[in-house]
Every structure is written in structure tokens, then in C-alpha cells.
Amino acid sequence: MESVEHRKFKGSWEKVNLDRVAVQDVRTVGAEAVGMWAFDTLEMGKIFRDAGLGEKDIVPAKVLILGKLIHPGSEREIHRWFEFRSALEEIMGVKARDVSLTSLY
């Protein structure tokens, strides 16, 4: 007898060899999403703009603030985290290569 869930799903099925599944380029996203929500809810971008910062200065500030909250460490470590371990660049819509280590200092 078919399960209720199986009857609801009319798509195609594929067999997967679980012994051959590999994970690559894993990035964290949960804390980053919450951090972005808090940043936006607190209107930090507006506060920075009102203080005279341009968008090119706000992006590294956002990376540094969220990095210090999510992955505390030096600016160099936060830059590594942002570039290789975090999905923050996808969430923010920026490329990690466009946020230099120098801009975090």
C-alpha cells in the first residue's frame, strides 16, 4: 500500500548511491541570516549613511560587525571566514573578492 506522502508526490524518483555522495564548499547560513535581519531591523545602514559613510564603506562594516558576532576573531580571520566558510556574500549580494582585508581594518 502506498503511503499518503508517496501518493501526493507525482514527480520522478532517482536512486542515489549514498556511499558516493560528497559535500563540497559547505557554508554557514543560519546565523548570517539572523544577523542580516538584526542589522536591517536596527536600520544600521541608515545610521551609517546618516553618519556620512558611503555604500563602499558600509559593506565592509557590515561584514566586520556580523563577523565579530558570528565568528569572533581578528580582521584577517573574519575575512577568511567571509570568503571561505560563510554564505554572507550570497545573502548580502556582494562578492568576497570585492571586500578587501584592508577595508576591514
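Only this structure's heavy atoms are used, side chains among them; waters, hydrogens and symmetry mates stay out.
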Using a 3.5 Å distance criterion without hydrogens, assess whether the side chain of [X] forms a donor-acceptor pair with backbone atoms of [Y].
X: Arg27; Y: Ala87; value: no
X: His79; Y: Val99; value: yes
X: Glu83; Y: Ala96; value: no
X: Lys68; Y: Gly73; value: yes

Partner of Pro60 by side chain to side chain contact (heavy atoms under 4.5 Å, CB included), out of Leu104, Ile65, Thr102: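 Answer to the side chain to side chain contact (heavy atoms under 4.5 Å, CB included) test with Pro60 among Leu104, Ile65, Thr102: Leu104.
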Phe48 and Phe39 aromatic ring geometry - parallel, tilted or perpendicular at 30°/60° bounds: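 Rings of Phe39 and Phe48: tilted, 30 to 60°.
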How long is the straight-line distance from [atom2] of [Y] back to [atom1] of [X], given to the nearest 0.5 Å?
X: Ile47; Y: Leu53; atom1: CD1; atom2: CG; answer: 12.0 Å
X: Ile70; Y: Glu32; atom1: CD1; atom2: CD; answer: 4.5 Å
X: Leu66; Y: Met92; atom1: CG; atom2: CE; answer: 7.5 Å
X: His71; Y: Phe82; atom1: NE2; atom2: CZ; answer: 13.5 Å

Pairwise side-chain contact, Tyr105 with Leu64, heavy-atom cut-off 4.5 Å (strictly under):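 No, too far: nothing below the 4.5 Å cut-off.
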Qualifying residues under side-chain hydrogen bond (donor to acceptor under 3.5 Å, both in side chains), relative to Thr41, sequence neighbours excluded: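 Here the qualifying residues are Trp37.
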Where Ala33 and Ile91 come nearest, the two heavy atoms and their spacing: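 Where Ala33 meets Ile91 most closely, the heavy atoms are N-CD1, 3.9 Å.
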Heavy-atom pair of closest approach, residues Val63 and Trp81: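 Val63 and Trp81 have their closest heavy atoms at O-CZ3, 4.4 Å.
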Qualifying salt bridge (charged side-chain N to carboxylate O under 4.0 Å, His left out) pairs, either residue in residues 44-53, two or more places apart: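 Salt bridge (charged side-chain N to carboxylate O under 4.0 Å, His left out) check on residues 44-53 returns Lys46-Asp50, Arg49-Glu55.
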Test log, rule side chain to side chain contact (heavy atoms under 4.5 Å, CB included), inputs Met44 and Lys62: CA-CA 9 Å; Met44 295 298 294; Lys62 188 184 294 189; over 6 Å; no
Glu77/Arg80 under salt bridge (charged side-chain N to carboxylate O under 4.0 Å, His left out): CA gap, chis, key distance, verdict: CA-CA 5 Å; Glu77 179 58 29; Arg80 265 192 224 117; 3.2 Å; yes
ILVMFWY cluster, Ile58 and Leu101 together (side-chain gap under 4.5 Å):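 Each belongs to a different hydrophobic cluster.
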Joint hydrophobic cluster, Val34 plus Met36, side-chain heavy atoms closer than 4.5 Å: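 Different clusters: Val34 never reaches Met36 through Ile, Leu, Val, Met, Phe, Trp or Tyr contacts under 4.5 Å.
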Partners passing side-chain contact (heavy atoms from CB on, under 4.5 Å) against Leu18 (at least two apart in sequence or in another chain):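 Listed in chain order: Val16, Val21.
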